[in-house]
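Note that the coordinates shown come from a computational prediction; the quantities given were computed from them, not determined experimentally. The figures here come from the full heavy-atom set of this structure, side chains too, leaving out hydrogens, waters and symmetry mates. Proteins get letters first, then strands, A, B, ... in listed order; numbering begins at 1 in each.
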Amino acid sequence: MSSKQITVALVGNPNTGKSTLFNALTGLRQKVGNYPGVTVARKSGRCDCGDGLKVELVDLPGLYSLAAASPDEQVVTDVLLGSLEGSQQPDAIVVVLDVTNLLRNLFLASQLAELNLPLALVLNQADIAHEQGLKIDTQLLSQRLGGVPVVLTSAWKGEGIASVRRAIAEVLNKKTKMTKLIWPSQVESALGTIVQAIQADTGQAPSSADAQRILFSSNAHTSDRLGWSQPQRELIVRQARDQVRSAGYNPMAAEPLIHYAHLRKILEGVIAGGTGKQGNAAALDRVLLHRVIGPILFTGIMLGLFASVFWLAKFPMQWIQSGVDFLKAIIAPALVSTPMLQSLVTDGIIAGVGAFLVFLPQILILFLFIGILEDSGYMARAAFIMDRLFSWCGLNGKSFVPLLSGFACAIPGLLSTRTIEDPKARLATAFAVPFMSCSARFPVYALMCAAFIGPLYGPGWESVVMVGMHCVGLLFAVPTAFVLTRFVLKVKPQPFVLELPRYQMPKPSDVLWRMWQNAAEFVSKAGTVIFAMTIVIWALCYFPRDAQMADRIKAAEPTLSEHEIQSRTQAAMIEQSWMGRFGKAVQPVFDPCGFDWKITVGVLASFPAREVIVSTLGVTYSIGKGAEADSQNLRTAMQEAKWMDGPRKSTPIFSLAAVLALMVFFALCSQCGPTIATLAQETGGWKWAAISFFYMTILAWVMAVVVYQSVIRLI
Amino acid sequence: MTPLSQLLPGQFGKLVSLNPDQAVDQRLMALGLLPGMALKLVRRAPLGDPVAIEFGGQVVSLRLAEAESLIVDVAADCPVQRPKNTP
Ligand SMILES: Nc1nc2c(ncn2[C@@H]2O[C@H](COP(=O)(O)OP(=O)(O)OP(=O)(O)O)[C@@H](O)[C@H]2O)c(=O)[nH]1
Ligand SMILES: [Mg+2]
């Protein structure tokens, strides 16, 4: 990309339709959803504005004011000022406004006018305005704002897109700027004071927009960026604010007061009509947010969601599993002459791909439902209902979506923490997400329940334990968040102010696209790592080889059948492999949890990706390769496994205590490489990723010991 | 003059004052909630907090604990932007 590239930024309040417009203009697909804060990072694309004019269009997170409070808002202001690393200031701004709430949307536009950039206004959601009977005199508005183009659009219907292209070309050509408001003279001179002081200190006069940020915003971000660091800085700002006060304004309220007063005058006679019909929200909210019915419906929706995710995903998961098995079965014979290659392909590569593919159905279905709930407008209500349950431990209602996503996969869950404005709640939520019982934990629970809990205590207890295991993580995540936000994190909390959007029919294309995007994130982040790790684990379990192993086993016990020799050989091979040796060395650590060396190998092998445990147990318990959670052979082998020596000699390894301890260990342990990597990326460094890893792993061990030791004493 | 938290669901009020030094109040001012503005406490969340307030044609959720500095003047005949047709 050359430096001559013309860039145009899409800016506006959250949920106004910026991304929808971006998609319409560029032909790309950005995530769209009826939930404030869907766009979390800037994204750019090519937009053709006619006459061969091609511009780089940048879609940005929504914001209400340039007085940035949250990190996302900071990104937007930094992009607009060109102060972000590797980005230049845009050549023009397209402000996207919700035409049904014009006054509030114009506040940001009015602040943006201070940036002195060519600017066009897009009044979006014209279809809703039409429904409500609102009429907007765009010409009058344009005229009052200094001739900037004002375009009425309905982005998701594709109406008015051509005019937006024309408007962009026009502002780039004519460099039309929006008329700025006239500040009261005392405010003007207060701004002058700041400009002069900075010029004297740094040698460079700041823009008026920067001066306003310093005067009106309480954070020091702008001063720091300008390098204004003289000791009297605080004093000068205080004096300037006193000047504002002398005009009768509280300095912290002056900016919105003056802008809104100005805008009310601008809008006089611009808006006509309006039937008073507030749309569907009030009526639906009366039911969905009802004191009694609301929570019941909420619980029903969530239970229904989980039930259907597991139900619907069951069949495609089986298909994928049989597909993988089929593939192995047809490839294995072809490679029989090269055993190492055969093992690499079937146990390494195919098993590795299969290991993450089986989770795809659950992830797709859960995100389909989340997408529907979000686009309908219900998710913001869910946040409203749930906020009280989260607020006491320092999280907020918006933590709900990431935690819910975490039940499918932590990675999309972590990515969606970005919609949380409060940095404290965001970090605490990110810390809590990996505790949620993701679909990769499911096979472990399923195996243990089917092999031990079910046969011993009946299917009733089996489901109780199954549900209980899904709650264990939540049980520990909440107090963890409490301690984290109360005692550890020293970040200034942000208030929880959430706009409740209107309800709408979810748009299938948007919902399906978001589902697809979340799945793609999972595949690209988790898939590759899980795949690579499966191969590494395969190698550790495969080498070194002892070529005479089979012969020795045959010599020792000549009566064994061919099949038995084979599985014994495999078990013996893994015992003397790197992984086996390591597992035996480490076993004493896990002895208090009741894990023998074979389970220890499984635990160690599953640190990069926890789902590996089932197939590893399959190998160590010598039922051959390709074990599945519902494999009868593996169950029997595990049920019959006994301690070979020590005080527990010839008692079953998989006692109730050990089974529960193992499940609790998996519920809590940080066994997912991609999650750690995503956590590092989302929290801006490896510090929190490392803390999370050690915290969860140590907690898992401690709880496994507690469970094992107490159950053993009780029963 | 009553704090916002004293408003009953469905009650209207006019904003008298807020505390511009607080982050919540700054956010609300950016949304257009300025002294003199009419507002309505639409409802409380099922657990009592947060509350949904309506002003300037929008519904916004906020926590009472964070919005304790909002002082309103309760007036039964003070509609929010547009008059309601239903009683
Ligand atoms: N009725 C109607 N809905 C629209 C229109 N444009 C967008 N929407 C809907 O408004 C919602 C928000 O759209 P987005 O494009 O995600 O909004 P955004 O401004 O990018 O939002 P953030 O990224 O959260 O700041 C979605 O549900 C869209 O389908 C429109 O012209 N008419
Ligand atoms: Mg967006």
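- Between A/Met252 and B/Met29, the closest heavy-atom pair is O-CE, 3.5 Å.
- There is no contact between A/Leu108 and chain B, counting heavy-atom distances below 4.5 Å.
- Within the 4.5 angstrom heavy-atom criterion, atoms from both the backbone and the side chain of A/Leu289 approach chain B.
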For A/Glu499 and B/Val59, what are the C-alpha separation, side-chain angles and deciding distance, and is it a side chain to side chain contact (heavy atoms under 4.5 Å, CB included)? CA-CA 6 Å; A/Glu499 195 189 346; B/Val59 181; over 6 Å; no
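- Annotation: side chain of B/Ser61 is in contact with side chain of A/Phe496 (closest heavy-atom distance under 4.5 Å).
- With chain A as the partner, the residue from B/Asp25, B/Leu62, B/Val24 showing the most heavy-atom pairs under 4.5 Å is B/Val24.
- Only the backbone of B/Val51 comes within contact range of chain A, judged by heavy atoms closer than 4.5 Å.
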Give the table of side-chain donor-acceptor pairs shorter than 3.5 Å for residues 16-23 of chain B, with sequence neighbours excluded, one pair per line with atom names and distance.
from, atom 1, to, atom 2, distance (Å)
B/Asn19, OD1, B/Asp21, N, 3.1

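- Heavy atoms of A/His290 lying under 4.5 Å from chain B belong exclusively to its backbone.
- Using a 4.5 Å cut-off between heavy atoms, A/Asn13 does not touch chain B at all.
- Nearest heavy-atom pair, B/Arg63 versus A/Asn396, reported as atom, atom and distance to 0.1 Å: NH2-CB, 2.9 Å.
- Every pair passing salt bridge (charged side-chain N to carboxylate O under 4.0 Å, His left out) that includes a residue from residues 247-266 of chain A is listed here, sequence neighbours excluded: A/Arg213-A/Glu255.
- Neither the backbone nor the side chain of A/Asn105 comes within contact range of chain B; no heavy atom of the residue lies under 4.5 Å from a heavy atom of that chain.
- The structure places CG of A/Leu389 at 11.5 Å from CG of B/Asp49, a figure rounded to the nearest 0.5 Å.
- Heavy atoms only, all atoms of each residue included: A/Phe107 and B/Ala30 are closest at CD2-O, 3.5 Å.
- Of all heavy-atom pairs between B/Gly56 and A/Asn101, the closest is O-OD1, 3.6 Å.
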Take A/Phe384 and B/Arg43, measure what side chain to side chain contact (heavy atoms under 4.5 Å, CB included) needs, and give me the verdict at the end. CA-CA 11 Å; A/Phe384 178 69; B/Arg43 64 170 39 80; 4.3 Å; yes
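- Separating the OG atom in A/Ser65 from the CZ atom in B/Arg27 is a distance of 7.5 Å, to the nearest 0.5 Å.
- Between B/Pro50 and A/Arg388, the shortest heavy-atom contact is CD-N, 4.4 Å.
- Both the backbone and the side chain of B/Ala52 come within contact range of chain A, with heavy atoms under 4.5 Å apart.
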Check step by step if side chain to side chain contact (heavy atoms under 4.5 Å, CB included) holds for A/Asp285 and B/Val42. CA-CA 10 Å; A/Asp285 276 347; B/Val42 186; over 6 Å; no
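- Residues B/Leu31 and A/Tyr260 approach most closely at C-OH, 3.2 Å, considering heavy atoms.
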Which is it for B/Leu28 and A/Val497 under the side chain to side chain contact (heavy atoms under 4.5 Å, CB included) test, yes or no, and what are the steps along the way? CA-CA 8 Å; B/Leu28 290 171; A/Val497 176; 4.2 Å; yes
